[in-house]
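Every chain is numbered from 1 and lettered A, B, ... according to where its sequence line falls, protein lines coming before strand lines.
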There are 2 protein chains.
Amino acid sequence: MINKETIGYSFGMIKLNGNTYQYSAEIFFEMFDDRLKLMIIWYLSNGSMRFKELSKYLQPITNKTLSAKLKQLEELHLIEREVFAEVPPRVEYTLSPHGQQLKPVIDEVIAWSQHYAKTFGQTINEE
Amino acid sequence: MINKETIGYSFGMIKLNGNTYQYSAEIFFEMFDDRLKLMIIWYLSNGSMRFKELSKYLQPITNKTLSAKLKQLEELHLIEREVFAEVPPRVEYTLSPHGQQLKPVIDEVIAWSQHYAKTFGQTINEE
DNA sequence: CTGTATCCAACTCGATACTG
DNA sequence: CAGTATCGAGTTGGATACAG
């Protein structure tokens, strides 16, 4: 039997964008059920980035996919899009307040990964 | 430009299971690039569960898919599988030490989701 | 109960080409 | 530079049936 306290207390049902959730964490799991959105949050947790810059780090990603993911994240209120009236065009993506609140999640992901890498991975030093 | 300190310091390349990663966090993102594995960790973070119990919570999941995901998590050293010599058979799945170290990640996921739900969701109380 | 085997629908995402 | 359009390969994961 699930212990409601440990798994994230359920005080009823949550309605969000037409969907119903019993536990709020399910919102996160559905939101980040793909390969890319949380990675983009991770990159942006470092500061704002341009479209092309993100594209470079996420290679091999296509413009279509990146564009779609950024739009989804904006609709989820996790990032903000700023267009500069320049030639060539410049668009910067930044974490919204709610996106920035994902920083503790990202930090724990980094900490866990470093520990996991130390146990099971092999490190190749640079010089 | 990515700030290596903030994004999880890169001290070289990491080799793991034949793959090469620049940042350890990439291990996590590749590991949990599907819809189910982190959800299973979330359920098991509450204590061990049997196959059928997990299946019930993850509906609509098929035996094939659940079986495959549990095997993958075991190969990643995140869960442990214990078979009891009973009739009918009983198999219990439990977080391994490395799986338990994901608890802080899960906790932050729960905290963030609750806050997000409070902002954008609508709560329907039980009674 | 705890799986495995087959089949297949849906979705994600990349390749390529093109636009303002 | 920052997208959009079209196409298609690959993967995930469900439906169904069956086994130990």
Side-chain angles (χ1 to χ4, degrees), chain A residues 1-2 17-19 26 28-44 47-76 78-94, chain B residues 1-2 17-19 26 28-44 47-76 78-94:
Chain A
M1 246 275 291
I2 285 279
N17 301 329
N19 296 323
E26 289 165 3
F28 177 94
F29 292 120
E30 181 171 316
M31 196 174 278
F32 297 109
D33 65 351
D34 64 331
R35 194 172 61 81
L36 293 164
K37 291 209 291 297
L38 195 58
M39 281 197 76
I40 294 174
I41 298 287
W42 171 52
Y43 279 116
L44 292 182
S48 53
M49 286 180 79
R50 301 179 62 170
F51 186 91
K52 174 132 195 200
E53 213 175 344
L54 276 167
S55 175
K56 193 179 64 187
Y57 286 114
L58 291 164
Q59 280 311 312
I61 197 175
T62 61
N63 286 0
K64 187 198 78 171
T65 301
L66 180 54
S67 178
K69 293 301 167 185
L70 290 168
K71 195 168 291 182
Q72 289 164 23
L73 286 169
E74 202 186 350
E75 281 164 4
L76 292 166
L78 298 185
I79 66 172
E80 282 157 11
R81 181 174 179 275
E82 187 176 8
V83 185
F84 295 84
E86 301 175 6
V87 177
R90 177 159 65 105
V91 181
E92 297 233 328
Y93 292 92
T94 314
Chain B
M1 246 274 291
I2 286 280
N17 300 330
N19 295 324
E26 288 164 4
F28 178 94
F29 291 121
E30 181 171 317
M31 197 174 278
F32 297 110
D33 65 351
D34 63 332
R35 193 171 62 83
L36 294 164
K37 290 208 292 297
L38 195 57
M39 282 196 75
I40 294 175
I41 298 288
W42 172 52
Y43 280 116
L44 291 181
S48 53
M49 286 180 79
R50 300 179 62 170
F51 186 90
K52 174 132 195 198
E53 213 175 344
L54 276 168
S55 175
K56 192 180 63 187
Y57 286 115
L58 290 166
Q59 280 309 312
I61 197 175
T62 61
N63 287 0
K64 186 198 81 171
T65 301
L66 180 55
S67 179
K69 292 301 167 183
L70 290 168
K71 195 168 291 182
Q72 288 164 24
L73 286 169
E74 202 187 350
E75 280 164 3
L76 292 165
L78 299 184
I79 67 173
E80 281 156 11
R81 181 174 179 274
E82 187 175 9
V83 187
F84 294 85
E86 300 176 4
V87 179
R90 177 160 65 103
V91 180
E92 297 233 329
Y93 292 92
T94 312

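Looking at Phe32(A) and Leu76(A), their side chains never come closer than 4.5 Å, going by heavy atoms from C-beta outward.
Distance CZ (Arg90(A)) to C1' (dG20(C)): 18 Å, rounded to an integer number of Å. Atom P of nucleotide dT12(D) and atom CD of Glu30(B) are separated by 11 Å, given to the nearest angstrom. Atom pair Glu82(B):CD and dC1(C):P shows a separation of 19 Å (rounding to whole Å applied). In this structure, Leu70(A) atom CG and dT12(C) atom P are separated by 16 Å, rounded to whole Å. Protein atom CE of Met39(B) is 14 Å distant from nucleotide atom C1' of dG13(D), rounded to whole Å.
Residue Phe84(B) is out of contact with every strand shown, counting any heavy-atom pair closer than 4.0 Å.
Each of Glu92(A) and Ile61(B) was matched to the nucleotide of DNA chain D holding its nearest heavy atom; the match closer to the 5' end belongs to Glu92(A). Comparing Pro89(A) and Lys71(A) by the nucleotide of DNA chain D whose heavy atom lies nearest to each, the residue mapping closer to the 5' end is Pro89(A).
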Show me, pair by pair, the donor-acceptor contacts under 3.5 angstrom made by side chains of residues 79-92 of chain B, not counting sequence neighbours?
from: Arg81(B); atom 1: NE; to: Tyr93(B); atom 2: OH; distance (Å): 3.3
from: Glu86(B); atom 1: OE1; to: Arg90(B); atom 2: NE; distance (Å): 3.2
from: Glu86(B); atom 1: OE2; to: Arg90(B); atom 2: NE; distance (Å): 3.4
from: Glu86(B); atom 1: OE2; to: Arg90(B); atom 2: NH2; distance (Å): 2.8
from: Arg90(B); atom 1: NH1; to: Glu92(B); atom 2: OE2; distance (Å): 3.4
from: Glu92(B); atom 1: OE1; to: Ser48(B); atom 2: OG; distance (Å): 3.2

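In this structure, CG on Leu78(B) lies 9.0 Å from NZ on Lys37(B), to the nearest 0.5 angstrom.
At dG3(C), one or more side-chain N or O atoms of Tyr93(B) fall inside 4.0 Å of OP1 or OP2 (strictly under the cut-off). Contact between the side-chain N/O atoms of Ser67(A) and the OP1/OP2 oxygens of dT4(D) is found at a separation under 4.0 Å. Applying the 4.0 Å criterion to OP1 and OP2 of dA15(C), one finds that Thr62(A) has every side-chain N and O outside that range. A sub-4.0 Å separation between OP1 or OP2 of dC1(D) and a side-chain N or O of Lys52(A) is present. Between Arg35(B) and dG14(D) there is a side-chain N or O to OP1 or OP2 distance below 4.0 Å.
Between the side chain of Lys64(A) and the base of dG14(C) there is at least one donor-acceptor pair of N/O atoms closer than 3.5 Å.
Looking at Thr62(B), Asn63(B), Leu70(B) one by one, the single match for side-chain contact (heavy atoms from CB on, under 4.5 Å) with Leu66(B) turns out to be Leu70(B).
Looking at the side chain of Leu36(A), the nearest of the listed nucleotides dC13(C), dT2(C), dG14(D) is dC13(C). The side chain of Pro60(A) sits closest to dA15(C) out of dA15(C), dG13(D), dA2(D).
Using cut-offs of 30° and 60° for the angle between ring planes, the Phe29(A) and Trp42(B) rings count as tilted.
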